[in-house]
Amino acid sequence: MYPRAKQEQYLEGTYQVKENYADCDLLRFYNRVKEGNQDVQVLPVSLFEKEEYLLTINENGVTLHTSTEEAIFRGATTLYQLVQEHEGKLPYAVIADKPDLKRRGYMLDISRSKMPTVETIKQYIDLLALLKYNEFQLYMESNCFKYSAYPKYTENFDCLTPEDIHELDQYCADRFIDLVPNQNSLGHMGYWLAQDEFKHLGLGDETHKNSTTLNPLLPESMEFLDNLYGSLLPHFRSRWLNVGMDEAFELGKYQMEEYTAMHGKDYVFMEHLNRVDQLARDKYGKKIMFWADMIYKYEDLYHMVPRDAIALEWGYELIQSQVMTAHCINFQKAGIKYYVCPSCNVHLSFTGRFDVTSFNIRTAAEIARDYGAEGLLM
């Protein structure tokens, strides 16, 4: 069973399932379980938490105690794994489980290499469902999506369409996974800022022409973001939006150097963060999450972080647990909601580095549990 349940007790005896589940994937199995059948009885327990379940297997069959449909799905996932592992001859057992973290997310970058097809993305979603994830983000930098506001930039490019997003969004929802849009809104804008139409929106001068950072002081920059949001966000049912904002290397320089000298780079960033939050909230009904690297040094302005925003505490290389813990404690003290975001460390490698991967995930998850994180985003 993976991930392992909080409590597992296996007893003498086995139960042979009466139904034939050979043709079932996880979703079909869940649909056959949730109404009850020859093998499974689902009983409501009002005091259980949203994803909590109790699974008992004995001579009478399987009983699944839950309080929500999502919990039925989690319990059915565990049962599905047992049915597969034991080929329908289930050991008598008492299994109780509930998650430590409310949000368990996975982010896939589809921007910097061969784009996966919709069918390949569905394979990711199937795997995430089996692993009891409940959030999935497709990181889209550049021309990964056919933005209706700027159609000429993808007219000859095979990328995700609004119809694809609707299909994936429903596919996720059927498996109790929240498909969260991920649209950079400050840094990592190099593709767009290289286009003649948008070059004036970037921070730079004659000595620095390849800008990757949007100039947050220009009203036209917010109009540009609004057009990206308006093209993308209506196709997602999620109430969340990851606005990125990380690695804005040119922030505070070039055209905005004088303004930054007057107000401070920290204030300039917080101003833009709040403008983006207001646009996402008031026009599109979304709450934002953003990468937290831009605010680490600015604890005096933590009060300016929008109340409902989620800061994404991330680490690429081997995570320094003391540093991540200190950041999370500071967020907690300031009342800032946050995720921990461990890198699986496969960038610039053929095989990945599983020693670093496993350390990062374990370390981040323990910190998240111990210091009150809202979730984890791999």
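Since this is a predicted model, take the numbers as computed values, not measurements.
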Closest non-hydrogen atom pair, [X] against [Y]:
| X | Y | result |
| --- | --- | --- |
| Pro151 | Ser148 | CD-O, 3.3 Å |
| Val268 | Pro216 | CG1-CG, 4.2 Å |
| Leu273 | Ile288 | CD1-CD1, 3.7 Å |
| Met1 | Glu85 | N-OE1, 4.2 Å |
| Leu54 | Ala96 | CD1-CB, 3.9 Å |
| Asp266 | His263 | OD1-O, 4.1 Å |

Query raised in the report: Is there a salt bridge (charged side-chain N to carboxylate O under 4.0 Å, His left out) between Asp23 and Arg28 once you walk through the steps?
Result: CA-CA 8 Å; Asp23 64 339; Arg28 290 194 197 97; 5.9 Å; no
Grouping I, L, V, M, F, W and Y whenever their side-chain heavy atoms are under 4.5 Å apart, do [X] and [Y] come out in a common cluster?
| X | Y | answer |
| --- | --- | --- |
| Phe157 | Ile121 | yes |
| Tyr267 | Val276 | yes |
| Leu101 | Leu130 | no |
| Leu82 | Tyr2 | no |

Just by distance, no angles: are the side chains of [X] and [Y] close enough, under 3.5 Å, to form a donor-acceptor pair?
| X | Y | answer |
| --- | --- | --- |
| Asn227 | Glu223 | no |
| Arg353 | Asn345 | yes |
| Tyr296 | Asn330 | no |
| Ser231 | Lys146 | no |

Please output the side-chain donor-acceptor pairs of residues 133-145 that fall under 3.5 Å, not counting sequence neighbours, one pair per line with the distance.
residue : atom : partner : partner atom : Å
Asn134  : OD1  : Arg104  : N            : 2.8
Asn134  : ND2  : Lys102  : O            : 2.8
Glu135  : OE1  : Arg103  : NE           : 2.9
Glu135  : OE1  : Arg103  : NH2          : 3.1
Glu135  : OE1  : Tyr339  : OH           : 2.7
Glu135  : OE2  : Gln137  : NE2          : 2.8
Gln137  : OE1  : Asn182  : ND2          : 2.9
Gln137  : OE1  : Asn242  : ND2          : 2.9
Tyr139  : OH   : Glu141  : OE1          : 2.3
Tyr139  : OH   : Asn184  : ND2          : 2.7
Glu141  : OE1  : His188  : ND1          : 3.2

More than 12 heavy atoms of other residues, nucleotides or ligands under 6.0 Å from [atom1] of [X]: yes or no?
| X | atom1 | result |
| --- | --- | --- |
| Gln16 | CD | yes |
| Asp158 | CG | no |
| Asn60 | CG | yes |
| Glu87 | CD | no |
| Tyr371 | OH | no |
| Phe354 | CZ | no |
| Glu258 | CD | no |
| Tyr124 | OH | no |

Do the side chains of [X] and [Y] get close enough for a salt bridge, i.e. N-O under 4.0 angstrom?
| X | Y | value |
| --- | --- | --- |
| Arg237 | Asp169 | yes |
| Asp178 | Arg239 | no |
| Lys337 | Glu374 | no |
| Arg281 | Asp308 | no |
| Lys152 | Glu197 | yes |

To the nearest 0.5 angstrom, please state how far the [atom1] atom of [X] sits from the [atom2] atom of [Y].
| X | Y | atom1 | atom2 | answer |
| --- | --- | --- | --- | --- |
| Ile319 | Asn360 | CD1 | CG | 4.0 Å |
| Ile367 | His327 | CD1 | NE2 | 11.0 Å |
| Leu43 | Ile72 | CG | CD1 | 10.0 Å |
| Glu299 | Tyr302 | CD | OH | 5.0 Å |
| Asn215 | His272 | CG | NE2 | 9.5 Å |
| Leu203 | Glu250 | CG | CD | 6.5 Å |

Any non-hydrogen side-chain atom of [X] less than 4.5 Å from a side-chain atom of [Y]?
| X | Y | value |
| --- | --- | --- |
| Leu228 | Tyr150 | yes |
| Pro181 | Ser238 | yes |
| Tyr30 | Glu69 | yes |
| Val305 | Met270 | yes |
| Ile295 | Phe331 | yes |
| Phe269 | Leu301 | no |
| Val40 | Lys34 | no |
| Leu218 | Leu201 | yes |

Requested in this report: Assess the pair His208 and Tyr254: is the distance between their ring centroids shorter than 6.0 Å?
Outcome: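 Ring-ring flag for His208/Tyr254: true, centres closer than 6.0 Å.
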Query raised in the report: What about the rings of Tyr10 and Tyr92, do their centers lie closer together than 6.0 Å?
Result: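 Centroid separation for Tyr10 and Tyr92: 6.0 Å or greater.
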**Report entry** salt bridge (charged side-chain N to carboxylate O under 4.0 Å, His left out) between Lys122 and Glu167, intermediate numbers included
**Finding:** CA-CA 10 Å; Lys122 285 180 178 180; Glu167 183 177 347; 2.6 Å; yes
Query raised in the report: Can any side-chain N or O of Ser185 pair as donor or acceptor with the backbone N or O of Gln183 at less than 3.5 Å?
Result: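 Yes; at least one donor-acceptor contact below 3.5 Å.
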Query raised in the report: Between Tyr53 and Phe48, does a ring-ring contact (aromatic ring centres under 6.0 Å, His included) hold up when you go through it step by step?
Result: CA-CA 7 Å; Tyr53 66 88; Phe48 274 16; 8.8 Å; no
Query - Working for ring-ring contact (aromatic ring centres under 6.0 Å, His included), residues Phe198 and Phe224 - result: CA-CA 9 Å; Phe198 307 116; Phe224 171 64; 4.8 Å; yes
Query raised in the report: Name the one of Tyr153, Trp192, Tyr229 that satisfies ring pair (Phe, Tyr, Trp, His ring centres under 6.0 Å) with Tyr147?
Result: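 The ring pair (Phe, Tyr, Trp, His ring centres under 6.0 Å) with Tyr147 is passed solely by Trp192 among Tyr153, Trp192, Tyr229.
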